[in-house]
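Structure, as structure tokens:
The structure displayed is predicted, hence computed values, not measured ones. Note that the numbering runs from 1 along the sequence shown for the chain.
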Amino acid sequence: SLGSPKLQVTPTTNASKGANLITLETYMGLKFIGSANAGTFSLTNQRGQKWSLASQKGTVVVLAFYNSICNDICPVLGAEIREAHQMLGLDSSKVEFAIVNTDPNHVSVSSQSAALLEPGLTNIPSVSFLTGSVQALDKVWTTYGVKINVGAKANEVTHNNVLYFIGANGELDAYATPFAAVSKSGQYTSSPSSTHLYAQAIADTAVSLVP
């Protein structure tokens, strides 16, 4: 259940002149969760290694979802994750970004996958792009309320956009709603200022959960 806000998202001076606490929360659609344990799962990362949520205890996890071939919100959300990581500074070692593949037609991933290359996430150790069998992925999608729709063509895969913040104690603390402009050709874009502001909100929320 949703409770009263227990976190604070505080914008820096550079994020947006005149932006206040409520503006940033509203901007990213941030909702605070009263009390809930994050649903555990285990998948494989881009390096072919097993990655489990249970092994991340003591680390704040920002959990995102997008397609391995980067034909959905990936270019925008990926750029926001990259910039948020940069903003974390000394706290970057305390925050893990986990991105779950949402494409049932392209479950094989590597460090050269478009999901990492296009947004510039390839060389960030704390970013894990996760995949597995369709059955394993479906369990994660279901647990975290991600609905996948596959069209008539192989690349026609759509899903709702959610972003979760999991505290170092393994509790599901908050979730947000990523967004972007979509062209008629299906390309997702965001202005540099919007990307910067959303990245700042991600970083601030993550830092607020660091023990």
#### Entry: ring pair (Phe, Tyr, Trp, His ring centres under 6.0 Å) partners for Tyr198, two or more places apart
Phe179

### Message
Please tell me whether Met87 and Val127 are part of a single hydrophobic cluster in this structure, the criterion being side-chain heavy atoms less than 4.5 Å apart.
### Response
no

### Task
Any disulfide bond (SG atoms under 2.5 Å apart) involving residues 161-211? Give me the pairs, sequence neighbours left out, ordered by first then second residue.
none

### Task
For Thr122 and Ser111, work out which heavy atoms get closest and say how close.
CG2-O, 3.4 Å

#### Entry: Inter-residue atom distance Lys147.NZ - Thr142.OG1, 0.5 Å rounding
10.5 Å

### Task
Just grab all the ring-ring contact (aromatic ring centres under 6.0 Å, His included) pairs involving residues 81-104, residues at least two apart or on different chains.
none

### Query
Do the ring planes of Tyr164 and Tyr144 sit parallel (below 30°), tilted (30 to 60°) or perpendicular (above 60°)?
perpendicular

### Task
State, yes or no, whether a side-chain contact exists between Tyr66 and Phe129 at a heavy-atom distance under 4.5 Å.
yes

### Query
When rounded to the nearest 0.5 angstrom, what is the spacing between CZ in Phe65 and CD1 in Ile73?
13.0 Å

### Message
A side-chain contact here means heavy atoms from C-beta on lying under 4.5 Å apart; do Pro104 and Ile148 qualify?
### Response
yes

### Message
Does any part of the side chain of Glu80, heavy atoms only, come nearer than 4.5 Å to the side chain of Pro119, both counted from C-beta?
### Response
no

### Task
Quick one: which residue pairs count as a disulfide bond (SG atoms under 2.5 Å apart) with a foot in residues 170-211, not counting sequence neighbours?
none

### Query
In the single-linkage hydrophobic clustering (I, L, V, M, F, W, Y; side-chain heavy atoms under 4.5 Å), do Leu163 and Val182 co-cluster?
yes

### Partner set under ring pair (Phe, Tyr, Trp, His ring centres under 6.0 Å) for Trp51, not counting sequence neighbours
Phe41

### Message
Does any part of the side chain of Ile81, heavy atoms only, come nearer than 4.5 Å to the side chain of Val62, both counted from C-beta?
### Response
no

### Euclidean distance, Asp173 CG relative to Thr205 OG1, rounded to 0.5 Å
10.5 Å

### For Ser42, side chain to side chain donor-acceptor pair (under 3.5 Å) partners two or more places apart
none

Distance-only donor-acceptor hits, side chain of residues 130-138, under 3.5 Å, sequence neighbours excluded:
from: Thr131; atom 1: OG1; to: Asn101; atom 2: ND2; distance (Å): 3.3
from: Thr131; atom 1: OG1; to: Val107; atom 2: O; distance (Å): 2.6
from: Ser133; atom 1: OG; to: Ala136; atom 2: N; distance (Å): 3.0

#### Entry: Results of side chain to side chain donor-acceptor pair (under 3.5 Å) for Thr195 - residues two or more places apart only
Ser190

### Message
Holding to side chain to side chain donor-acceptor pair (under 3.5 Å), I want the full list of residues that pass it with Thr143, two or more places apart in sequence or in another chain.
### Response
none

### Message
Suppose the criterion is disulfide bond (SG atoms under 2.5 Å apart): which pairs have a residue in residues 109-143, not counting sequence neighbours?
### Response
none

### Task
Sort and list the pairs that fulfil disulfide bond (SG atoms under 2.5 Å apart) and have at least one residue in residues 72-140, not counting sequence neighbours.
Cys70-Cys74

### Query
Roughly how far, to the nearest 0.5 Å, is the CD atom of Glu96 from the CG atom of Leu63?
10.5 Å

### Task
Say whether, by atom type as modelled, one donor and one acceptor occur between the side chain of Ser68 and the main chain of His106 under 3.5 angstrom.
yes

### Task
Could I get the full list of side chain to side chain donor-acceptor pair (under 3.5 Å) partners for Glu83, not counting sequence neighbours?
His196

### Message
Is there a path of hydrophobic side-chain contacts, each under 4.5 Å between heavy atoms of I/L/V/M/F/W/Y residues, joining Trp141 to Leu53?
### Response
yes

### Query
Tell me, do Met28 and Ile202 make a side-chain contact under 4.5 Å, heavy atoms counted?
yes

### Message
Between Asn37 and Glu171, is there a side-chain heavy-atom distance shorter than 4.5 Å?
### Response
yes

### Task
Hey, could you give me the OG/CD distance between Ser110 and Gln46, rounded to the nearest 0.5 Å?
8.5 Å

### Task
Could you state whether Val210 and Leu88 fall into the same hydrophobic cluster, counting links through intermediate Ile, Leu, Val, Met, Phe, Trp or Tyr residues with side-chain heavy atoms under 4.5 angstrom apart?
yes

### Message
Would you say that Tyr188 contacts Leu77 through its side chain, given a criterion of any heavy-atom pair below 4.5 Å between the two side chains?
### Response
no

### Query
Is the shortest heavy-atom distance from the side chain of Ile166 to the side chain of Gln56 under 4.5 Å?
no

### Task
Could you pull out the closest heavy-atom pair between Lys57 and Asn169, with the gap in Å?
CE-O, 3.7 Å

### Message
Could you check whether atom CD of Gln86 has more than 12 heavy atoms from other residues, nucleotides or ligands sitting under 6.0 Å from it?
### Response
yes

### Spacing of CD1 belonging to Ile99 relative to CG belonging to Asn67, to within rounding of 0.5 Å
12.0 Å

### Task
Search all heavy atoms of Gly78 against all heavy atoms of Leu121 and return the closest pair with its distance.
O-CD2, 3.6 Å

